[in-house]
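To keep things clear, I will list the structure first and then write my remarks on it.
Here is the naming used below: chain letters follow the sequence lines, and residue numbers restart at 1 for every chain. Because only heavy atoms are used, hydrogens play no part in the values below, and waters and symmetry mates are left out as well, while side chains stay in.
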There are 2 protein chains.
Amino acid sequence: MQTVLRGPSSEIIISPDTPIVMIGERINPTGRKVFSAELQAGDLSRIPRDAQAQANAGATVLDVNVGVASVDEVALLPQAVRLVQDTVDLPVCIDSANPAALEAGLKAVRGRALVNSVNGETAKLKAVLPIVAEYDAAVIALCMDDNGIPATPEARLKVAENILNEAAKLGIKPEDVLLDPLVLAVSADPTAGLVTTTTARLIRQTFGCNMTAGASNGSHGMPEREVLNTVFLALLAQAGVNAPICNPLKNGLAIRAIDLMMGHDEWGMGYIQAYRALPKE
Amino acid sequence: MQTVLRGPSSEIIISPDTPIVMIGERINPTGRKVFSAELQAGDLSRIPRDAQAQANAGATVLDVNVGVASVDEVALLPQAVRLVQDTVDLPVCIDSANPAALEAGLKAVRGRALVNSVNGETAKLKAVLPIVAEYDAAVIALCMDDNGIPATPEARLKVAENILNEAAKLGIKPEDVLLDPLVLAVSADPTAGLVTTTTARLIRQTFGCNMTAGASNGSHGMPEREVLNTVFLALLAQAGVNAPICNPLKNGLAIRAIDLMMGHDEWGMGYIQAYRALPKE
């Protein structure tokens, strides 16, 4: 099953048999005070720098989120999208909780975008899926619904099935739904990692879908988070999560290491290239 | 399926549902010039230090190998085993290519040891399995035979089956055979990692056996080997390799991170403890 995304003149394919696609998460004000203040002041100058740095570190899809208090996302998101695609020839992942901003962002996109995100909530399905269908985008779908985040893999799978069914009604194919099995913090629940990988395996077996996940959520509240993130990215990849949202500047080498050890890096050149791209101390 | 090993007064259980058991690999002169020279001079003083350091870093089985040119292993191995078990209350893994040395080592063991190793070669099966049976030890079995290391997972599985059959004839149970799917370097063959994890998955599905592997072999010839070793340990663990031979001083935190993300660290305390045991800079 192939998810095809496009930049202005590039094509990125997400599939089980090809190297992992990193969705760069950096263009997002959440937890970034300086970037938040810049966006509030209408200063977008950090966006091209973050886009280029993530592309250099191996990201091939870039998430774009400008959601911060008092900012008009409907006006700002298209500007940010244009800036990113003026800088790097990559597909974008339009990220907003506001459907009007998603639509404004999609209008500015060159190529074929990913939308971040829908989930199984009735209102969300109704608001987001028609936009995805209208603009022929792909969409990230979180395995949660009106009852919250299900505790068991089986219940998350049920939510995934419901979203796929609702998407199908609008002509959105399973290959254009990037399911997210959802990652909770192991510091709050030590079975959280196992629940996520089990959900991912069930999704892959049942629907064959490509998947994303925010792996770093798993390590919140723990020391030496990079070690946890690295091993979790490997466990997730083996369970079928082949397009994680992550920080390529921190996880880029680990992702290429996973490709290599999974037999998805034919001459080891992806890994060697990531090694050479590391900032030298 | 449980593999039960014992130290002088301790018991270590290897099973799919419990935390990964690290077999500490440091007490081995291979690639260690100073230690080799010490052994050749009859100086065993490094052994208790290495035993203690590995135990502190979370190893719960210690490999003991004193095989170096001009050393009489039959005389030295039992001394080394006694020194290790005088220092730490842990099971040992008697490691030698010389069956007479294996037997001498087993005579010195307190508890229940692991023997490193047998493989599918006719001569090896004949020389090693009777000793394993006689001393009621468990044994590491490498998936290679008179034809060398098979290229495919299916052929390695066949070798595993043959070893298990030969072991059964002497009353050695499958739970006392720790199969090694064999790790070759991805620098020589980029599919090497995939072949190993696929073999491991087949072994677990077919025989249910516990498994070991020398994960670090996979990264030979590559830069930033620790990243490759960390992700490979995770991929191997998810494929069923639950007793890797490794350097706990380098891999200890990663191993506990894998346990935590796999749901085998009930309160995250194994990971936190490994974090606290890290040498502070």
**Complete:** Tightest non-hydrogen contact, residues A:V227 and B:L253, listed as CG2-CD2, 3.8 Å
**Request:** Answer with side chain, backbone, both or neither: which region of A:R276 has an atom nearer than 4.5 Å to a non-hydrogen atom of chain B?
**Result:** neither
**Asked** Quick one: what part of A:E266 sits under 4.5 Å from any heavy atom of chain B, side chain, backbone, both or neither?
**Response** backbone
**Request:** Check whether B:I272 gets within reach of chain A through its side chain, its backbone, both or neither, counting any heavy atom under 4.5 Å.
**Result:** side chain
**Message:** Taking every non-hydrogen pair under 4.5 Å, which of B:R256, B:H264, B:R201 racks up the most with chain A?
**Reply:** B:R201
**Prompt:** Taking B:P223, B:A254, B:A234, B:G263 one by one, which has the highest count of heavy-atom pairs under 4.5 Å against chain A?
**Reply:** B:P223
Flag the pair [X] / [Y] as yes when at least one side-chain heavy-atom distance between them is below 4.5 Å, and no otherwise.
X: A:Y271; Y: B:E224; result: yes
X: B:L260; Y: A:M222; result: yes
X: B:V231; Y: A:V231; result: no

**Fill in**
In this structure, CG of B:L235 is separated from CD of A:Q238 (nearest 0.5 Å) by 4.5 Å
**Message:** With a strict 4.5 Å heavy-atom criterion, list every residue of residues 177-194 of chain B that contacts chain A, or say none.
**Reply:** B:V186, B:P190, B:G193, B:L194
**Message:** Looking at A:Q52, I'd like to know if its CD atom is crowded, meaning that more than 12 non-hydrogen atoms belonging to other residues, nucleotides or ligands lie closer than 6.0 Å.
**Reply:** yes
**Message:** Taking atom CD as the centre, does A:E226 end up with more than 12 heavy-atom neighbours from other residues, nucleotides or ligands that are less than 6.0 angstrom away?
**Reply:** yes
